[in-house]
Amino acid sequence: MKHSETTGKPVEKRQETNGPEGAPLIIQDHYEIDYRHSYAQDSPFFVGLSEGRLLGSRCTGCRYMYATPRAHCMECGAPTTWEALPPTGRVHTFTVCYYGGESFLKETPFLLVLVEFDQVNTLFLSRLKGVPLEEVHIGLPIRPQFSDTPTYKVTDVWFEPIDRS
Amino acid sequence: MRPVYMISGGITKFAKAHPEKDFRLMVKEAYDAALQDVPDLSKDMIDGGVGSYFSDHFTRQLKAASMAHDYLGLCPKPSKRVEGGGATGGLCFQSAWEAIASGRMNCCVAYGFETMSRVNTWKGNEFIALASDTNFDFPVGGFYSGYYAMMVNRHMHEFGTTVEQMAMVSVKNHLNALYNPYAQKAKRLTVKQVRESPMVATPLTMEDICTMSDGAAVCILADETIAEQVCDRPVHITGIGSGSDAMRMADRPHGKVPLLPHEQESDYARLKYPGVHSFRGGRMAAKLAYEMAGIRNPLEELSFVELHDAYTSSEIQTYEDLGLCKYGEGGRFIEKGIPFMPGIEYGLPLPDQGRFPVNPSGGLLACGHPVGATGLMQAVFAFWQLQGTIEKHLDSPALQLRDPRRGLIHSHAGTGTYITVSILERT
Ligand SMILES: [Zn+2]
């Protein structure tokens, strides 16, 4: 943990007007930390994104197909194998975010979509780009786009409408 | 299992910030308020406690429940922390129930708190979103309101639910809270004002979404002997249930509805369930709680519900999970006025007003949502409602239902990942 120069600095002048004990003392206390995060058994998915491939998981037991990968099947417990998702999908549902968590505020407004694929049992969460906000609707055909400069995050892939890209 | 009773409850006022009190002092205030109502309960009759808070990030203090426990003077009695996202309070309540039902304890204190004011609202949203998959969900948008917006867009697509119906939930809950001095954000709103407030994530506006809060709540649970000894009107906890679903919304199946006794398979012939429009864990929780309490038709056999309305949309979705109406009818359920309070003027045409009140207290939308306290707050309001002591505790009889016999409380985490339902009955 790294402490910044602001640590321990009162953010408000303490007022002595609320009786003998006064108002509470409030200080600014910064902290940040770097993690060594392993994608572990999901690593091939993120490597795949960096190579322009979107991989799902196929159950070796019941054949259930997951759009968002997992190494073992939720239905039957058998291991899964990596299998490319279909080249196109559709908007299953969406929203335009005008606010977000602090680190995403600068990107607003942005479009979140859950993507559905034919013959795949589950969905995939992603961003939708390259479309006017008012033209997005459930069922819109979309396809994945991949970053040329991968950061090895799930945001290395996003979706765009088929007819525009 | 032994019968379990709630014998008292206490709440602090929920507020945007309580900088003059840390979590220990807030819990102490709620605890002392609860003790005041049971003066014959001595400390040696209390066997232990369960602490409830959601986020170590908000508190910036690991094992904070230990500090609440020692502040209450309960050491060296048994203690533990329960954590389950937004359902933390509901899980804590059920954990105390388990301690009594099993015979391990005769009296157990469930206490919960959250101090969300330590960071700005958008950093707070980020902390909450860390309770979504941090590999696959958080980096894409990291925003629970976005997740709920996607769910309700699908609900609207499947069932024709409207934004005006959602806004009616906001009007109802904010207005109920005008009569609840513990509430953080009570006000009179119109459907138009809800729709014209700033858009957060389409179609959810600021007035469709609960706020962050500081606050604490305490419930005291006991066996029959202690309940009879110290409490005039204990409330019997006759059913508990809980359920779960996959952390990632994207992983939810599209299968069949687990039916309640008053439903038939033909009701849902074409529905793919739960998808992202419904909460399978909520249905499971309700089904288990109803089975334990012997409830076959919740709308006929319950008097009221306090449910987890973090969003107006999730209140509508939850009507359906609890079986108050069929899946798909949640929008019309509010539009007809069924879940509004009787005897209060909302400025809306409500043909069936007050038939089955939901969130008489004002719910999370108006009371606030200090996560670890929320599920316990609902228990306290339901307890006062069933005791008939709303006027004594809220300084107004407006929210006291006439002759309530049985109430339901519902606590909900994540995008429906943990959900609890508990049934409380007048004795
Ligand atoms: Zn399988």
Side-chain angles (χ1 to χ4, degrees), chain A residues 12 18 21-26 29 31 35 37 39-40 42 45-46 64 66-70 74-75 91-105 107-116 121-127 133-134 136-139 151 153-158, chain B residues 17-22 60 117-130 132-158 198-206 209 246 248-255 275-277:
Chain A
E12 288 165 29
N18 297 5
E21 282 114 37
L25 173 66
I26 300 170
D29 195 5
Y31 86 111
Y35 282 93
H37 182 65
Y39 285 123
D42 292 333
F45 171 83
F46 294 92
Y64 203 90
Y66 295 91
T68 314
R70 59 173 59 236
M74 279 199 293
E75 298 294 315
V91 172
H92 182 76
T93 187
F94 69 97
T95 184
V96 184
C97 292
Y98 290 91
Y99 292 88
E102 192 177 54
S103 49
F104 303 102
L105 278 181
E107 297 165 26
T108 57
F110 58 83
L111 265 163
L112 292 180
V113 287
L114 281 166
V115 188
E116 61 182 33
N121 298 93
T122 67
L123 308 170
F124 183 77
L125 174 65
S126 196
R127 292 272 188 104
L133 300 178
E134 63 279 4
V136 183
H137 58 88
I138 288 173
T151 58
K153 298 246 180 182
V154 70
T155 43
D156 284 347
V157 65
W158 65 90
Chain B
H18 275 310
E20 73 288 5
K21 300 167 198 169
D22 71 6
R60 270 202 71 188
S117 63
R118 303 295 194 268
V119 293
N120 75 57
T121 296
W122 306 113
K123 181 54 95 180
N125 267 283
E126 208 173 288
F127 284 173
I128 291 167
L130 289 170
S132 60
D133 187 313
T134 53
N135 284 347
F136 289 95
D137 291 346
F138 179 81
V140 181
F143 192 35
Y144 257 95
S145 296
Y147 305 156
Y148 274 80
M150 284 191 285
M151 286 191 280
V152 76
N153 270 330
R154 194 68 202 186
H155 198 274
M156 294 163 77
H157 176 80
E158 295 281 345
M199 185 57 72
V200 176
T202 55
L204 299 170
T205 73
M206 289 277 185
I209 304 173
R248 303 188 291 236
M249 279 197 294
D251 289 347
R252 309 285 163 84
H254 294 76
V276 296
H277 53 74

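By convention in this document, chain letters (A, B, ...) are assigned in the order of the sequence lines, proteins followed by strands, and residues within each chain are numbered from 1.
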Quiz item: Is the cationic atom of B:Arg60 (NZ for Lys, CZ for Arg) positioned less than 6.0 Å from the six-membered ring centroid of A:Tyr31 and within 45 degrees of its normal?
Solution: yes
Practice problem: Locate the shortest heavy-atom distance separating B:Gly146 from A:Cys97; write the atom from each residue and the value. | Solution: CA-SG, 3.9 Å
Practice problem: Please round to the nearest 0.5 Å and tell me the distance separating atom CD1 of A:Ile26 and atom CD of B:Glu20. | Solution: 9.0 Å
Practice problem: State the OG1-CG distance between A:Thr68 and B:Asn135, to the nearest 0.5 angstrom. | Solution: 11.5 Å
Quiz item: Is a side-chain donor or acceptor of A:Thr93 paired with a backbone partner of B:Asn153 at a separation under 3.5 angstrom?
Solution: no
Quiz item: A:Leu125 versus B:Arg248: any side-chain heavy-atom pair under 4.5 Å?
Solution: no
Exercise. Please flag which part of B:Pro198 lies under 4.5 Å from any non-hydrogen atom of chain A: side chain, backbone, both or neither.
Key: side chain
Practice problem: Counting only heavy atoms closer than 4.5 Å, note whether A:His92 contacts chain B via side chain, backbone, both or neither. | Solution: both
Quiz item: Which pair of heavy atoms, one from A:Met74 and one from B:Ala246, lies closest together, and at what distance?
Solution: SD-CB, 4.1 Å
Quiz item: Looking at A:Leu112, A:Val115, A:Val113, A:Leu133, which makes the most heavy-atom pairs under 4.5 Å with chain B?
Solution: A:Leu112
Self-check item: Check: B:Asn125 and A:Phe104 side chains under 4.5 Å, non-hydrogen atoms
Solution: no
Practice problem: Would you please classify the geometry between the A:Tyr99 ring and the B:Trp122 ring as parallel, tilted or perpendicular, with 30° and 60° separating the classes? | Solution: parallel
Quiz item: Mind checking whether B:Val140 and A:Trp158 have side chains closer than 4.5 Å, heavy atoms only?
Solution: no
Quiz item: If we only count heavy atoms from C-beta on, is the A:Leu114 to B:Arg154 side-chain gap below 4.5 Å?
Solution: no
